[in-house]
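Model, not experiment: these values are computed from the prediction. Order of the sequence lines sets the chain letters (A, B, ...), proteins ahead of strands, with each chain counted from 1.
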2 protein chains.
Amino acid sequence: MLTIGQLADYAGVTTKAVRHYHERGLLAEPERDASGYRRYTAGDAVELVKIRTLADAGVPLARVRGLLDAEPDVLATAIAEIDRDIADRVAKLRRTRERLAQLRGGDRLFVSPGVADHLDELRELGMSERHIRLERDGWILMRTAAPAEAEAWLAEKRELMGDPEFRALCVDFDAAFDWPADDPRLPGLAARLRAWHAGREAAPESPPVRDPGIARLAEVSLPGGSSPAWDRLARLMSGPERLADNERAPLT
Amino acid sequence: MLTIGQLADYAGVTTKAVRHYHERGLLAEPERDASGYRRYTAGDAVELVKIRTLADAGVPLARVRGLLDAEPDVLATAIAEIDRDIADRVAKLRRTRERLAQLRGGDRLFVSPGVADHLDELRELGMSERHIRLERDGWILMRTAAPAEAEAWLAEKRELMGDPEFRALCVDFDAAFDWPADDPRLPGLAARLRAWHAGREAAPESPPVRDPGIARLAEVSLPGGSSPAWDRLARLMSGPERLADNERAPLT
DNA sequence: CTTGACCTTCCCCCTGGGGCAAGGTTCCAC
DNA sequence: GTGGAACCTTGCCCCAGGGGGAAGGTCAAG
């Protein structure tokens, strides 16, 4: 006859766990001796090892209870299912390991693969990390707001990246972020941007105008989404007639 | 700007979980809009995906908190450790699968491999399942009471199994379980058992007398541990002078 | 103007036990 | 035979990592 501690040691569990199994109805309460101690038989030890084997396999205790006295065929079916479940969990853990390996390097984790590839292209162009983060966050917002459209927009933008003038504009626009608001290069850049937009709209397929939306979203929602030079660029592009006006109070 | 539901969808979690992360200090509480709704930025989405990636890897939330803003080298070290941990868990799951596969077939799960092999030998001898269960439970009790000695006893018993007379005695003793108490074969069997014991004790190396202890343990603690014929056998062996006495009241 | 889908806080529930308290036992050594 | 250590008993609260649902406020569409 075993005490609860001896029984627990045999199965490699704590006495707490054994009492827990009693409460859950997994293991029958054994006889008590004269002083109220529980007294177990070897049969209880076998039962406890069964319980632990199933529990170690991740079977919830509530289900273990049903399985202990199940018919052999029911048990076999359940075991097959549990085995499949373990295989799934192993596969999932493997995938998690792969994701984890990417956690060191970059943004691929946080966005869809397409966006990650796009960000890599921008990085290769030599664009600033600040801009790349801005771009990443913009795509996150878009994908959340409108997943299907975001995919289409992304495809469109990646196609545009094939245009050397567009790439140059992207790089220069990025660089302009740090310029002073009265930098003499700003009007020229604004003109190039407007010219490029005009060329786009004259093209046979006219894609939906999306940039304003994106830009506003990113500007409003993200810290560091704008700078004095970018603000002035926006004013320069919205209408050259008010240029002189803004010229005189660029830092308001 | 995202609502809590949109944010949760992006990361594939529930709004409950997001609020939980706020409570745990994993994710900073964002600004509220005029009606008290939380309003999130894309940066929060990135942060949330980070949290989930680590949590999916099995990192406790309390530790995730520390890792989110860790220096790259600290993070790299932690990730390496987490990766090792996952590999361990995968290995453990594989072992569990193997154990699970044995759950269908027999007793190997519940006892040490040595005992399991011994039980297989008994089975091959043609001994009853009842007896094998009794034997199994006896070894469980012994291993629990005295692990080291149990190993030695087991080795000894398995050596004895090499003796054809011992094997024959085992089989006959098992068969006697179901005999009636007044079966005429019992005195003969008792004589053979006593002769064999006598031979053992006369042998050069005299191993410790262990059978009485085991037998008592098993009888006392296990249901179905004895029968009228076995009881009579025990009396026959303990002293032939009282044989006639017991002959007259075998079923007391 | 209603209806359904959101959002808010609050509180209790689950699993699988762990920790600790307050008290009774048993065993082993001295 | 008498400590003291190591058991045992019940009872209660605690943890992670959320889930469920109540009770109420809000928002957008038809």
Open item on the list: Assess the residue pair A:Arg63 and A:Glu81 against the criterion (salt bridge (charged side-chain N to carboxylate O under 4.0 Å, His left out)); give the C-alpha distance rounded to whole Å, side-chain angles, the decisive distance to 0.1 Å, and a yes or no.
Closed with: CA-CA 13 Å; A:Arg63 192 159 174 221; A:Glu81 186 200 325; 3.3 Å; yes
Open item on the list: Show, in sequence, the C-alpha distance, side-chain angles and deciding distance for A:Glu31 and A:Arg38, and conclude whether the salt bridge (charged side-chain N to carboxylate O under 4.0 Å, His left out) test is met.
Closed with: CA-CA 6 Å; A:Glu31 311 264 283; A:Arg38 292 177 179 83; over 6 Å; no
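For the pair B:Pro60 and B:Asp33, nearest-nucleotide mapping onto DNA chain D gives the more 5' position to B:Pro60.
Nucleotides of DNA chain D that come within less than 4.0 Å of any heavy atom of chain A span, from the 5' end to the 3' end, D:dC7 to D:dC12.
A heavy atom closer than 4.0 Å to some atom of DNA chain C occurs in A:Thr14, A:Lys16, A:Ala17, A:His20, A:Tyr21, A:Arg24, these being the qualifying members of residues 13-24 of chain A.
Shown here for B:His22 and B:Leu27, the closest heavy-atom pair between the two residues is ND1-O, 2.9 Å. Residues A:Leu61 and A:Ala55 approach most closely at CD2-CB, 4.1 Å, considering heavy atoms.
Here the side chains of B:Asp44 and B:Thr41 are in contact, with some heavy-atom distance below 4.5 Å.
Using a 4.0 Å heavy-atom distance criterion, A:Arg32 is classed as a sugar-phosphate-only contact. Counting any heavy atom pair closer than 4.0 Å across all strands shown, B:Arg65 reaches no nucleic acid atom.
With sequence neighbours excluded, no residue forms a ring pair (Phe, Tyr, Trp, His ring centres under 6.0 Å) with A:Tyr37. Scanning for side chain to side chain donor-acceptor pair (under 3.5 Å) contacts around A:Arg84 gives an empty result, with sequence neighbours left out. With sequence neighbours excluded, no residue forms a ring pair (Phe, Tyr, Trp, His ring centres under 6.0 Å) with B:Tyr21.
Within 6.0 Å of CD in B:Glu29 there are more than 12 heavy atoms belonging to other residues, nucleotides or ligands.
The nearest whole Å value for the distance from the CD atom in A:Gln6 to the C1' atom in C:dT26 is 12 Å. Residue B:Glu31 contributes atom CD, which lies 14 Å from atom P of C:dT8 at whole-angstrom precision.
A salt bridge links A:Glu135 to A:Lys157: at least one charged side-chain nitrogen sits closer than 4.0 Å to a carboxylate oxygen.
In this structure, B:His131 and B:Phe173 have perpendicular ring planes: the angle between them is above 60°, well past the 30° mark.
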Write out a two-atom table: protein N or O, nucleotide N or O from nucleotides 22-25 of chain C, distance below 3.5 Å.
{"from": "C:dG24", "atom 1": "N2", "to": "A:Tyr37", "atom 2": "OH", "distance (Å)": "2.5"}
{"from": "C:dT25", "atom 1": "O4'", "to": "A:Tyr37", "atom 2": "OH", "distance (Å)": "2.8"}
{"from": "C:dT25", "atom 1": "O3'", "to": "A:Ser35", "atom 2": "OG", "distance (Å)": "3.4"}

